[in-house]
Amino acid sequence: MKKPKILMIHTGGTLSMEQDTGGALASREIAEKIDSVLPELKNIAELVHIQIFSIDSSSIEIRHIKTLADVLDKNRNMFDGFVITHGTDTMAYTASALSFMFRNFNKPIVLTGAQRPLSEVRSDARINLIDAITVACNPNINEIVIVFDSTVFRGTRATKYKISEYDAFISQNIAPLAKLGVNIEFNKDVNTKKGIYRYYSELNSNIAVFKLFPGIQFENLHFLKEPDAIILDAFGSGNLAPNKNLITYIKKHQQVPIIIHSQVPVGRVNLNLYEAGVILKKLGAVGSGNITFEALIFKTMHLLSYTKNKRQFIKLIPKNLVGEIDY
Ligand code: ASP
């Protein structure tokens, strides 16, 4: 039987790192190493490798994400599935970005990485690569997922949660899409519906984020260089004090949408629950539902690029676009 053709796109991260002379981990080209350490991968798929950059994922910028998305777009018809090797630090951000940039890619896009480099004996890279390629060979999956520690996560629901454990990611506000045990069974949430492909390549990153803490000085908002949207990472159900400086800023910058997210990962923002939320809502602020912070960042960049005005933007923030939010 013909094996699925998988494009492996390498971007760097711990998976591909090696110690430099000073002992620090630095990114290296990885394709040859994968072929020599894991020759058995050829039994499950025909692999083609492309190394688009080789960086620590903390250095990922919008231009890197756009390059990655362009490579996926250009190769979409030539391959059955795609595996992206990526650092874990910003993997959930890149997975979220791609989720909003593509509608109905109609083929699996799988991001994976490792907590220890492939070159090390106790590396988790081997099993993560085998699992990622296995999932990328499944023709039914039509979404961007992260495969890590024998688990499949929806890209827009994953968050890096642990710094040095092998189970680095958690799924926020939904169960993981699958556990990779002896058998691989996806749950009902996985998107298998196909549709018309669209590529939205623009991302407007002129946004500012304020993480709230007791004592925050909202007068600092006035020093911002005109952002196109502001995210307030608030307390509990999206709660925050109706601070005078904040209200003055909002009134003065009516064109800038204010989005309220919660610092608490489980549950959803509800601006109707407390007086402060009601005041901000009346001033035009919008709650972001139960979305991850990573997904909200890229949903905001995406919607800023593709909505006509603030009204349309505010209307779409709490709406489900790609499985990132539910009610
Ligand atoms: N600093 C690394 C990165 O994100 C961490 C990792 O890959 O686990 O590139």
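No experiment lies behind these values; they were computed from the predicted model shown. Along the sequence shown, the residues carry numbers beginning at 1. Atoms considered below: every heavy atom in the structure, side chains included; atoms not considered: hydrogens, waters and symmetry mates. Just follow the structure's listing: the first ligand is 1, and inside any ligand the first atom is 1.
- Only the side chain of Q115 comes within 4.0 Å of ligand 1, judged by heavy-atom distances.
- Geometrically, ligand 1 and S58 share no nitrogen or oxygen pair separated by less than 3.5 Å.
- Listed by number with element, the atoms of ligand 1 under 4.0 angstrom from any heavy atom of G13 are 7 (O), 9 (O).
- For ligand 1, none of its N or O atoms has an N or O atom of H86 under 3.5 Å away.
- In terms of protein heavy atoms, atom 8 (O) of ligand 1 is closest to T88 OG1, 2.4 Å.
- Looking only at atom types and distance, the side chain of Y197 has a donor-acceptor partner in the side chain of D73 under 3.5 Å away.
- Of the candidates T85, T14, D124, T90, the one placing a heavy atom closest to atom 5 (C) of ligand 1 is T14.
- Not less than 6.0 angstrom separates the ring centroid of Y161 from the ring centroid of F169.
- Residue contacts with ligand 1 for A168 are absent, since no atom lies close enough (heavy atoms, distance under 4.0 Å).
- In terms of protein heavy atoms, atom 4 (O) of ligand 1 is closest to S57 OG, 2.5 Å.
- Protein heavy atom in closest approach to atom 1 (N) of ligand 1: D89 OD2, 2.8 Å.
- Side-chain contact of T159 with Q172: a donor-acceptor pair under 3.5 Å is present, judged by distance alone.
- When the side chain to side chain contact (heavy atoms under 4.5 Å, CB included) test is applied to I52, the partners found at least two apart in sequence or on another chain are I9, T11, I50, L68, V71.
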Would you please test Y200 and Y306 for ring-ring contact (aromatic ring centres under 6.0 Å, His included) and show each step?
-> CA-CA 8 Å; Y200 297 91; Y306 291 99; 4.9 Å; yes

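- Checked against side chain to side chain contact (heavy atoms under 4.5 Å, CB included), V256 has the following partners two or more places apart in sequence or in another chain: I230, H253.
- A side-chain N or O of E219 and one of N245 form a donor-acceptor pair less than 3.5 Å apart.
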